[in-house]
S.K.: 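I have a structure I would like to understand better, so I am pasting it below and will then ask my questions one at a time.
What you are looking at is a predicted structure, and each value in this text was computed from that prediction instead of being measured. Sequential numbering from 1 along the given sequence is applied to the chain's residues.
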Amino acid sequence: MVKVGKWIAKHRILMLIIGFLLIIPSVIGMAATKVNYDLLSYLPEHLETVKGQDILVDEYGMGAFSMVVVENMEMKDVQKLEEKFEQVNHVKEVLWYDDVADISVPVEMIPEKLRKAFYNGDATMMLVLFDNTTSSDDSMEAIEDLRKIANEQCFIGGMTGVVTDIKNVALKELPVYVVIAAVLSLVVIELTSTSFVVPILFLLSIGLAILYNLGSNVFLGETSYITKALTAVLQLGVTMDYSIFLLNSFEENKKRFPDDKERAMGHAIANTFKSVAGSSVTTVAGFLALCVMTFALGRDLGIVMAKGVLIGVVCCVTVLPAMVLVFDKAIEKTRHKPLVKSLDKPSAFITKHYKAWVVIFLILLFPSIYGNNHTQIYYNIARSLPATLDCNVANDEVKAQFDVSNMHIVMMDRDMDSKQKKKMMEEIGNVKGVKSTISMSSLLGPTIPESMIPENLRSMLQSDEYELAFVSSEYESATDEVNEQVKAIDKIVKSYDKDGMVIGEAPLMKDLQDVTDADLVNVNVLSIGAIFIIILLIFKSISLPIILVAVIEFAIMLNMAIPYYQGTSLPFVASIVIGAIQLGATVDYAILMTSRYQKERLERKKSKKEAISIAHKTSIKSIIISGMSLFASTFGVTISSNIDMIKSICTLLSRGAIISTIVVIFILPAMLTVFDKIICILPINNSGTLRGISMEYLSIKQTAGKWGISGRRIQRLCAEGRISGATNSAPF
């Protein structure tokens, strides 16, 4: 690797030219990558609700709908508004009262069921049906056009409105996330750097890596808005360490080769690649654990971020070394004393009072476990947006005027007997929380011949194989009440038509809850298992993986418990991804300290106290820098985002970085002290077998005196392998 490093250093101008030329395809790739703003589209395709949505598009040319409430408007004006809505591109149909009765008929004279569905006092409701799916560009453009036509008396609700507002807010906020993350990261680097130029080079190098990562997403076809929003800040936070390691290694090698900077950089690249490639494995493992989620958002985020870490490693040993060499003179001219100096005194205090940290750990352990297990999770996507946005204002108005929060769609066999259809809809109408139903039979009655049904109404509700009915519910999506309601309606539908389906926003969110609850367990188990194995291979120890994973898991539980004690709830996405990401991104802090402890304890035969003291003093500064880097890159999103799905993840990550840093600095050395004997007697040989050793070694002379035999006899027994755990630390 040293030869490769020297080649890179020698051809630094070529590296920079290639690095900057790659910006072009990256920008093109970014522009060509579609962003998906509908989280429900990531549900598994085998689900009945998802299949039903596909049938809607295939059979009816309809993929989404919006409930529209119009207040204090004359009937004739409402009809004109309906006609304008129908002219909007990608609006398939608009279902309103005039589709089944003349507007000249007084409202009081129409059947009660019909009146409840379309009227309440001075307010009326219409359903606007779109010809594409909820998150399609066509449907979102249609929503924007409808909003332009509508006045302050008109409120347009529904999931497509929610997705449209998510898109608008995300596009507006994304540049803000990046700017704040860059500024805060610049401050963190400056605190630890000895040159004013170095932080700029770091950010430029990582910025190129982020561009490459975002551009290469074109091969995935599309990414979610959450992935796009988090990519830059997360990649910046978890790969900053790599740049710092390269620069430190370069400074050390310049002392070895004072007159040959290319040679110094070649060795620095080799050292960095070896260390960074190893440390990045745990981070990549944490992200890849998300790929096991059946909710495909996990795979989307996991692949993009794992790819980002690998690209970050490559840029750290190619583009950054070239920049450092090219701007070496500027670096030297802008040198200054480090703002953060020795931390030896705080380190000594921490290691000396390890018993206090053990007590604090034990005090916090049960509240952390309890809070983590009782933190409330919500699944309603609309709740992740501010209440003042158009979609939530409209949905609140629909609820206020008609006491309707949801509209389910019942999909039944078209050839079912009309009497059976009517009976089924009557049973559905009696389900708790159902406000009204709209179907062929309820609108027109079973006695009217099909030939007399208006064509636009028939095409709206019937296809060659299926017939639709709309069921309005007073319950909000993703609540226990609506989930029970959906189950009850589905049971009724299946009793009349075994192939019938109940689809729509609430049934999809019910499936979302079921799927992600299982994903939460799977992701946590896999991430813990994968990182346990990685640590096992690194340290060749049974006890150390248990200690390290337990320490970081304690930090995660403490982090996740805080919302419970604050009385706040978390969006489902945050609760799933935080465990894997925080574990993968911060376990490196523990590995850094533990590797030095193991080296001092096992290889250099230092005492327990001395080994832990050296490990702590040499790693505390690096751990603080790592934690602050992740905090700085994510905290900006915490204070600036209005999308709770994104804000909650970054709040947990920024807080988790601080908590993990504190836990590793205070709790880990205490655990190493307490479990030192176990650590020393449970390492693994190269053959993979356990070997029992005691680190309190005795010399041959001491052993001979203790056993009452000659030193020569002790040497012979050692040579014959008859003294278990004997180590030849010097020639006999």
S.K.: Verify the ring-centre separation between Y354 and F666: is it less than 6.0 angstrom?
M.R.: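 Centroid distance F666-Y354: not below 6.0 Å, so no.
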S.K.: So which atom in I311 and which in A209 form the shortest heavy-atom distance, rounded to 0.1 Å?
M.R.: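 Smallest heavy-atom distance, with atoms named: CG2-O, 3.6 Å.
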S.K.: Measuring from F295:CZ to D519:CG, what's the distance to the nearest 0.5 Å?
M.R.: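 Atom-to-atom, F295:CZ and D519:CG are 8.5 Å apart.
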S.K.: Between S626 and D588, is there a side-chain donor-acceptor contact under 3.5 Å, judged purely by atom types and distance?
M.R.: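 No - no donor-acceptor pair under 3.5 Å links their side chains.
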S.K.: Looking only at side chains, do T223 and N217 share a donor and an acceptor under 3.5 Å apart?
M.R.: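 There is no such pair (donor and acceptor under 3.5 Å, judged by atom type) between the side chains of T223 and N217.
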S.K.: Which pair of heavy atoms, one from G312 and one from Q235, lies closest together, and at what distance?
M.R.: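 Distance-wise, the nearest heavy atoms are N-NE2, 4.5 Å.
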S.K.: Rounded to the nearest 0.5 Å, how far apart are CD1 of I8 and CE of M265?
M.R.: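 Between I8 CD1 and M265 CE, I get 10.0 Å after rounding to 0.5 Å.
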S.K.: Would you say the side chain of N253 lies within less than 4.5 Å of the side chain of R256, judging by non-hydrogen atoms?
M.R.: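 Sidechains of N253 and R256: in contact.
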S.K.: Is a side-chain donor or acceptor of N213 paired with a backbone partner of V304 at a separation under 3.5 angstrom?
M.R.: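 Checked: pair present.
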S.K.: Closest approach of A580 and A289, non-hydrogen atoms and distance?
M.R.: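 Reported closest heavy-atom pair: CB-CB, 4.5 Å.
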S.K.: Report yes or no: does S575 contribute a side-chain atom to a donor-acceptor pair with the main-chain N or O of F572 at less than 3.5 Å?
M.R.: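 Looks like yes, one N/O pair under 3.5 Å.
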S.K.: Is it the case that the side chains of S641 and Y177 hold a donor-acceptor pair, with the cut-off being a distance below 3.5 Å and no angle test?
M.R.: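 Checked: Y177/S641 side chains pair up, N/O donor to acceptor below 3.5 Å.
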S.K.: When rounded to the nearest 0.5 angstrom, what is the spacing between CD1 in I678 and CG in L672?
M.R.: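 Between I678 CD1 and L672 CG, I get 12.0 Å after rounding to 0.5 Å.
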S.K.: S619 and S622: side-chain hydrogen bond (donor to acceptor under 3.5 Å, both in side chains), yes or no, with the steps?
M.R.: CA-CA 5 Å; S619 61; S622 297; over 6 Å; no
S.K.: Checking side-chain hydrogen bond (donor to acceptor under 3.5 Å, both in side chains) for the pair K608/T673: CA distance, chi angles, key distance, verdict?
M.R.: CA-CA 7 Å; K608 172 179 68 176; T673 303; over 6 Å; no
S.K.: At what distance, to the nearest 0.5 angstrom, does CG of L668 lie from CG of L548?
M.R.: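 It is 5.5 Å, given to the nearest 0.5 Å.
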S.K.: Which heavy atom in D300 sits nearest to a heavy atom in S224, and how many Å separate them?
M.R.: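 That would be OD2-N, 3.1 Å.
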S.K.: Does a side-chain heavy-atom distance below 4.5 Å link F202 with I244?
M.R.: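 SC-SC contact between F202 and I244 confirmed.
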S.K.: Any chance the rings of F257 and H267 have centres within less than 6.0 Å?
M.R.: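 Between H267 and F257, which both carry aromatic rings, the centre distance is below 6.0 Å.
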S.K.: Tell me if a side-chain donor or acceptor on N559 pairs with a main-chain N or O of L652 at a distance below 3.5 Å.
M.R.: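 Such a contact is found between N559 side chain and L652 backbone.
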S.K.: Run the side chain to side chain contact (heavy atoms under 4.5 Å, CB included) check on Y378 and L570 step by step: do they pass?
M.R.: CA-CA 6 Å; Y378 73 83; L570 296 174; 5.9 Å; no
S.K.: Please name all residues satisfying side-chain hydrogen bond (donor to acceptor under 3.5 Å, both in side chains) with E252, sequence neighbours left out, ordered by chain then number.
M.R.: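 Listed in chain order: nothing, the list is empty.
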S.K.: Just by distance, do the side chain of S541 and the backbone of L544 share a donor-acceptor pair under 3.5 Å?
M.R.: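 Yes; at least one donor-acceptor contact below 3.5 Å.
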S.K.: Could you check whether R596 pairs with E600 (Lys NZ or Arg NE/NH1/NH2 to Asp/Glu carboxylate O, under 4.0 Å)?
M.R.: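 Salt bridge between R596 and E600, a charged N being under 4.0 Å from a carboxylate O: yes.
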S.K.: Indicate whether the side chain of Y564 and that of N372 have a donor and an acceptor atom separated by less than 3.5 Å.
M.R.: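 Distance-only check fails for Y564 and N372.
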S.K.: Could you check whether any side-chain heavy atom of M15 comes within less than 4.5 Å of a side-chain heavy atom of W7, counting everything from C-beta outward?
M.R.: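 Yes - at least one pair of side-chain heavy atoms lies under 4.5 Å apart.
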S.K.: Take atom CD of Q376 as the centre, draw a 6.0 Å sphere, and report whether it contains more than 12 heavy atoms from other residues, nucleotides or ligands.
M.R.: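 Open.
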S.K.: Is there a side-chain contact between L301 and F287, using heavy atoms and a 4.5 Å cut-off?
M.R.: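 No - every pair of side-chain heavy atoms lies 4.5 Å or more apart.
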S.K.: Are Y565 and Y370 side-chain neighbours, meaning at least one heavy-atom pair lies under 4.5 Å?
M.R.: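 Contact flag for Y565/Y370 side chains = yes.
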S.K.: Does I180 reach the side chain of V233, with side-chain heavy atoms less than 4.5 Å apart?
M.R.: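 Side-chain contact under 4.5 Å: no.
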S.K.: Taking the side chain as everything from C-beta on, heavy atoms only, tell me whether C680 gets closer than 4.5 Å to Q598.
M.R.: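 When only atoms from C-beta onward are counted, Q598 and C680 do not touch, as no gap falls below 4.5 Å.
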S.K.: Return all side-chain donor-acceptor pairs below 3.5 angstrom for residues 523-537, not counting sequence neighbours, or 'none' if the list is empty.
M.R.:
| residue | atom | partner | partner atom | Å |
| --- | --- | --- | --- | --- |
| N524 | ND2 | L520 | O | 3.3 |
| S527 | OG | V523 | O | 2.9 |
| S527 | OG | N524 | O | 3.1 |

S.K.: Could you check whether any side-chain heavy atom of I206 comes within less than 4.5 Å of a side-chain heavy atom of I210, counting everything from C-beta outward?
M.R.: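 A side-chain contact under 4.5 Å exists here.
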S.K.: Without hydrogens or angle criteria, can the side chains of H616 and T351 be said to hold a donor-acceptor pair below 3.5 Å?
M.R.: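 There is no such pair between these side chains.
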S.K.: Are the side chain of S613 and the backbone of K609 linked by a donor-acceptor contact shorter than 3.5 Å?
M.R.: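 Judged by distance alone, no pair lies under 3.5 Å.
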S.K.: Between the side chains of Y379 and D517, does any donor sit under 3.5 Å from an acceptor?
M.R.: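 Their side chains do contain a donor-acceptor pair, which is all the 3.5 Å distance test asks for.
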S.K.: Where the side chain of R299 meets the backbone of M293, is there a donor-acceptor pair that is under 3.5 Å apart?
M.R.: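 Checked: no pair found.
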S.K.: Go through the structure and list residues passing side-chain hydrogen bond (donor to acceptor under 3.5 Å, both in side chains) with E553, not counting sequence neighbours.
M.R.: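 With neighbours one apart ignored, the set is empty.
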S.K.: Quick one: closest heavy-atom pair of C315 and P321, and the distance?
M.R.: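 Closest heavy-atom pair between C315 and P321: O-CD, 4.1 Å.
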S.K.: Which pair of non-hydrogen atoms, one from S280 and one from V309, has the smallest distance, and what is that distance?
M.R.: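 Here S280 and V309 meet closest at CB-CG1, 3.9 Å.
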S.K.: Please round to the nearest 0.5 Å and tell me the distance separating atom CD1 of I667 and atom CD1 of I360.
M.R.: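 Answer rounded to 0.5 Å: 6.5 Å.
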S.K.: Just verifying a value: how many Å separate L558 CG and R655 CZ, rounded to the nearest 0.5 Å?
M.R.: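 CZ of R655 is found 8.5 Å from CG of L558.
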S.K.: Do T651 and S648 have a side chain donor and acceptor closer than 3.5 Å?
M.R.: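 Their side chains do not contain a donor-acceptor pair, so the 3.5 Å distance test is not met.
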S.K.: Donor-acceptor pair, T283 side chain versus G584 backbone, under 3.5 Å?
M.R.: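 Looks like yes, one N/O pair under 3.5 Å.
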S.K.: Side chain to side chain contact (heavy atoms under 4.5 Å, CB included) between M671 and V551: does it pass, once the steps are laid out?
M.R.: CA-CA 9 Å; M671 292 300 164; V551 165; 4.2 Å; yes
S.K.: Quick one: does any side-chain atom of S249 pair with a main-chain N or O of L246 as donor and acceptor, under 3.5 Å?
M.R.: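 No, because the side chain of S249 does not come within donor-acceptor range (under 3.5 Å) of the backbone of L246.
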S.K.: Sub-3.5 Å donor-acceptor pair from the side chain of K254 to the main-chain atoms of A264, do we have one?
M.R.: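 Looks like no, no N/O pair under 3.5 Å.
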S.K.: Walk me through it: do I659 and I556 pass the test side chain to side chain contact (heavy atoms under 4.5 Å, CB included)?
M.R.: CA-CA 8 Å; I659 291 174; I556 293 171; over 6 Å; no
S.K.: Does atom OH of Y212 have more than 12 heavy-atom neighbours, drawn from other residues, nucleotides or ligands, at distances under 6.0 Å?
M.R.: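 Atom OH in Y212 is crowded, with more than 12 foreign heavy atoms closer than 6.0 Å.
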S.K.: With distance as the sole test, does S633 use its side chain to make a donor-acceptor pair with the main-chain N or O of L630 at under 3.5 Å?
M.R.: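 Here the side-chain-to-backbone pair exists.
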S.K.: Going through the distances and angles, do I625 and M240 end up as a side chain to side chain contact (heavy atoms under 4.5 Å, CB included)?
M.R.: CA-CA 9 Å; I625 293 170; M240 181 69 73; 5.9 Å; no
S.K.: Describe, in one word, how the ring planes of F349 and H353 are oriented to each other, choosing from parallel (under 30°), tilted (30 to 60°) and perpendicular (over 60°).
M.R.: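 Plane angle between 30° and 60°, so tilted.
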S.K.: Do you see a donor-acceptor pair shorter than 3.5 Å between the side chains of Q582 and S660?
M.R.: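 Side chains of Q582 and S660: pair found under 3.5 Å.
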S.K.: For F361 and F554, I'd like to know if the aromatic rings sit close, meaning centre-to-centre distance below 6.0 Å.
M.R.: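 Yes, the ring centres sit under 6.0 Å apart.
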